[in-house]
J.: 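Starting off with a structure, shown below.
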Number of protein chains: 4
Amino acid sequence: MVTKSPGKTREKLVSAAMELFAKKGFDKTTVDEIVARAGVAKGTFYLYFKSKDDLIKELAFEVMPIMAMPSLNDPYITVSFPTLESYLLQLGREFLSFYSENYRAEIFFHMLSVRERMKSIDDIYHQACSELLREGARRITAYVKVGFEDALIAFQVFLASLMHYLHAGDCLGFSREHYLKKAVDVVLNHLRLSASV
Amino acid sequence: MVTKSPGKTREKLVSAAMELFAKKGFDKTTVDEIVARAGVAKGTFYLYFKSKDDLIKELAFEVMPIMAMPSLNDPYITVSFPTLESYLLQLGREFLSFYSENYRAEIFFHMLSVRERMKSIDDIYHQACSELLREGARRITAYVKVGFEDALIAFQVFLASLMHYLHAGDCLGFSREHYLKKAVDVVLNHLRLSASV
Amino acid sequence: MVTKSPGKTREKLVSAAMELFAKKGFDKTTVDEIVARAGVAKGTFYLYFKSKDDLIKELAFEVMPIMAMPSLNDPYITVSFPTLESYLLQLGREFLSFYSENYRAEIFFHMLSVRERMKSIDDIYHQACSELLREGARRITAYVKVGFEDALIAFQVFLASLMHYLHAGDCLGFSREHYLKKAVDVVLNHLRLSASV
Amino acid sequence: MVTKSPGKTREKLVSAAMELFAKKGFDKTTVDEIVARAGVAKGTFYLYFKSKDDLIKELAFEVMPIMAMPSLNDPYITVSFPTLESYLLQLGREFLSFYSENYRAEIFFHMLSVRERMKSIDDIYHQACSELLREGARRITAYVKVGFEDALIAFQVFLASLMHYLHAGDCLGFSREHYLKKAVDVVLNHLRLSASV
DNA sequence: TATGAATGAGGCTTCATTCAT
DNA sequence: GATGAATGAAGCCTCATTCAT
């Protein structure tokens, strides 16, 4: 008797969808294609997801930037990273690794594109960004003596630089690690001069 | 006598399309909606555009970042901006103004989302980004003594910060001008410390 | 319990299409009309045919002359028809019966009309005709002592006469059987005089 | 001053249409294509033809078989052709020449395909065929002592053979002239044996 | 005569979703 | 849980025809 590994169907669908969504966008990917790649029948899709939009929302949430920096919310992590530089490098590596896996970067940009028409996604995105920036700034102030606003700007510039790398990184030919180091440098330099005022 | 404004049909279509594309994305906007808003018949659309994709491509090109900084390619502009700070502020204002008009920011993010499946757009985007970054870096080296690579990083961080503002600017509540000034500060601080090495 | 006759949908579509194609031609028959007559929904059509052209090709192949004379390829059939006359009458009856059923004659002429723009049909048609003529001639030489070329001409004239009857038969008021007998006469007379040389 | 050759516009349209109709069929050829090839504006088409169907009808009439054998209706022509053989060869040459020019053969088959839905064409076709066959038979009886019905059959077979050559002539590799001679042979042989009864 | 922008009905095809098995 | 045939609304695009110039 051929037994399908129990509970794997949903994962097969999600996995197939991510790949297809990444390549073709949410709208140009059909449920037919998803089930074909997942190797299940059409109707099966609707056993696991209320609708295609339902799946899109689920994936959209999974690629929110807040998911990309687990160390930002781990209260004990800083003991492993005594300096701000090492901590930022860690966050940056987490971020870039996260988005280089499972087509998350591509799906992230598709998410940015559909949030206008899917209010729930838009709301989550704003909340996630705010949280992320504020927590990042708070962490910076734990390392260096600097005003919160400057920390905020610094972290936003850092985050912006990382995101920009996701869609334009290969325009300059910098390696990921090299680019990351430089981005951290920029932030540290700014904080140095801000703090010294 | 009712005179149709000569040559205005195409513009009406483009204008209607930009508005709708911005709000609903390329795929969820129908040709029917575009012509309805433009106030022309369906067939008229196809007098001016080979297909819906044709129009998408045209608009995608119009929101490329390279279009957003005219001062970057004006060889005589620097006489008006004696300092790097003033020049960067000018570029930043141009950039943010450009994208706050005609729904260009929204369309820009839709463009990022469709470029994977529209190779011609992807190619243009990469070329445009490379050009933009290189020219920005070149301009910086005309103002301050700094290595080209550092100038490149600085300008990329600057550009990234501007772009990030387009989709996350309102997460922090900074005013546009304030944010811009801060972003310029970050760049200048970095260049200061890089140059002093 | 309402059971849809299993596997009948495709046949309903084909049958509806033949009737409509025959009356209105391929181009003037719409998919809407076909599905309406077949009593299924529009989308159902595309479960069974990739496109309207796909269906046209299928039907075009089904009305090739080679399909109209099964006895031509049956190696054992000649025992039932000891004389060439009886064999030609059999072939003729098969041919005329074939084309008088299921609107095949009409569809045949539509096929002749579209083959220029559907290369695959054109190729099949030529191959089918060549095969048909050659096999017909070969059969004739099995009955009478005659050169292959004369047999070829004789069979082509026979086939031409049959085809002509399909679109101009009612111009003269000959009954089908009478016309067929006369056409066979013509062929036999020609072979008689050719053989006697 | 650039003067368009007066009265040439209509011919340009007809000529362009024949070429396009032949290649693509009536339905797949658009008025746009016709005017483009004719080098005139869209509106101009409707100065010369009430509609596209109007033009189709005009061309359909021009390729009727009756137009292909002028010698059939010339009462004095027989003096140049003292034998039936020479006369049939003349008719055959006229016929094949006629249809090998100006894409008439292709248009003829398109005509056969559309006559079902364009009653006026169908009527003309039947009338033309009847006339043609009867006149052909009448001419035969002027040459040889044979019953009218046999003459009728003989001429129909002759005509059928000629028509068949138009769409399947290249299946056998016979040259036009050779095929024609053979077709005439068939007819003559039949008449010989019919007359001798 | 000649033009060509504009029209809009209508064609082909796609695809998210349902439901009987 | 799983299937896949069936649905039909809705999308994109075509093209014969008109009409103001």
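Chain A is the first sequence line, chain B the second, and so forth, proteins listed ahead of strands; every chain is numbered from 1.
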J.: Taking only distance into account, with no hydrogens and no angle test, what donor-acceptor pairs under 3.5 Å do side-chain atoms of residues 31-42 of chain C form with protein atoms, sequence neighbours excluded?
T.:
residue: C:Asp32; atom: OD1; partner: C:Lys42; partner atom: NZ; Å: 3.0
residue: C:Glu33; atom: OE1; partner: C:Lys24; partner atom: NZ; Å: 3.4
residue: C:Glu33; atom: OE1; partner: C:Thr30; partner atom: N; Å: 2.9
residue: C:Glu33; atom: OE1; partner: C:Thr30; partner atom: OG1; Å: 3.3
residue: C:Glu33; atom: OE2; partner: C:Lys24; partner atom: NZ; Å: 2.5
residue: C:Arg37; atom: NH1; partner: C:Glu19; partner atom: OE1; Å: 3.4
residue: C:Arg37; atom: NH1; partner: C:Glu19; partner atom: OE2; Å: 2.6

J.: Could you pull out all residues at least two apart from A:Tyr103 that satisfy ring-ring contact (aromatic ring centres under 6.0 Å, His included)?
T.: none
J.: Go nucleotide by nucleotide along DNA chain F from the 5' end; which of B:Lys52 and C:Tyr48 gets its closest nucleotide reached first?
T.: C:Tyr48
J.: Can you name the side chain to side chain contact (heavy atoms under 4.5 Å, CB included) partners of B:Glu116, sequence neighbours left out?
T.: A:Glu106
J.: Would you say that B:Met64 contacts B:Met111 through its side chain, given a criterion of any heavy-atom pair below 4.5 Å between the two side chains?
T.: yes
J.: Roughly how many Å is it from CG in A:Asp32 to C1' in F:dT7, rounded to a whole number?
T.: 13 Å
J.: Establish, with yes or no, whether the OP1 or OP2 oxygen of F:dA16 is under 4.0 angstrom from a side-chain nitrogen or oxygen of D:Ser51.
T.: no
J.: Rounding to a whole Å, what distance do you find between C:Phe45:CZ and F:dA5:P?
T.: 17 Å
J.: With sequence neighbours left out, write down each residue that passes salt bridge (Lys or Arg N to Asp or Glu O under 4.0 Å) with A:Asp53, or none if nothing qualifies.
T.: none
J.: Run the side chain to side chain contact (heavy atoms under 4.5 Å, CB included) test against B:Arg117 and tell me which residues pass, sequence neighbours left out.
T.: A:Lys28, B:Asp27, B:Val114
J.: Both atom distances under 3.5 Å, Watson-Crick or G-U wobble: I'd like the secondary structure of DNA chain E as a dot-bracket string, with | for pairs made across strands.
T.: .||||||||||||||||||||
J.: Under a 4.5 Å cut-off applied to non-hydrogen side-chain atoms, are A:Leu55 and A:Tyr48 in contact?
T.: no
J.: For DNA chain F, determine which residues of residues 12-29 of chain C have any heavy atom closer than 4.0 angstrom to one of its atoms, and list them numerically.
T.: none
J.: I'd like the C1' distance from F:dT21 over to E:dT1, given in whole Å.
T.: 13 Å
J.: Is the shortest side-chain N to carboxylate O distance from D:Asp122 to D:Lys119 below 4.0 Å?
T.: yes
J.: Quick one: ring-ring contact (aromatic ring centres under 6.0 Å, His included) partners of A:Phe109, sequence neighbours excluded?
T.: A:His167
J.: Taking only the side-chain nitrogens and oxygens of B:Thr9, find out if one of them lies under 4.0 Å from OP1 or OP2 of E:dA5.
T.: no
J.: Hey, what's the ring geometry for C:Phe26 with C:Phe21, parallel, tilted or perpendicular (30° and 60° as the breaks)?
T.: perpendicular
J.: Specify the residue among D:Leu47 and A:Asp53 whose closest nucleotide of DNA chain E lies further upstream toward the 5′ end.
T.: D:Leu47
J.: Does the side chain of C:Val14 reach to within under 4.5 Å of the side chain of C:Glu58, using non-hydrogen atoms?
T.: yes
J.: Would you indicate what A:Phe49 reaches in the nucleic acid, counting non-hydrogen atoms under 4.0 angstrom: base, sugar-phosphate, or nothing?
T.: nothing
J.: Check each residue of residues 33-43 of chain C for a non-hydrogen atom within less than 4.0 Å of any atom in DNA chain F, then write out the ones that pass by number, or none.
T.: C:Val40, C:Ala41, C:Lys42, C:Gly43
J.: Please work out which residues in residues 55-63 of chain B have a non-hydrogen atom less than 4.0 Å from an atom of DNA chain F and list them by number.
T.: none
J.: How would you label the contact of A:Thr30 with the nucleic acid (heavy atoms, under 4.0 Å): base, sugar-phosphate, or nothing?
T.: sugar-phosphate
J.: B:Lys12: which residues meet the salt bridge (Lys or Arg N to Asp or Glu O under 4.0 Å) condition with it, sequence neighbours left out?
T.: none
J.: Any non-hydrogen side-chain atom of D:Phe61 less than 4.5 Å from a side-chain atom of D:Ile121?
T.: yes
J.: Would you say a side-chain N or O of B:Tyr46 is under 4.0 Å from OP1 or OP2 of F:dT14?
T.: no
J.: Check ring-ring contact (aromatic ring centres under 6.0 Å, His included) between D:Phe98 and all other residues, then give those that pass, not counting sequence neighbours.
T.: none
J.: Atom NZ of C:Lys50 to atom C1' of E:dT13: distance rounded to whole Å?
T.: 14 Å
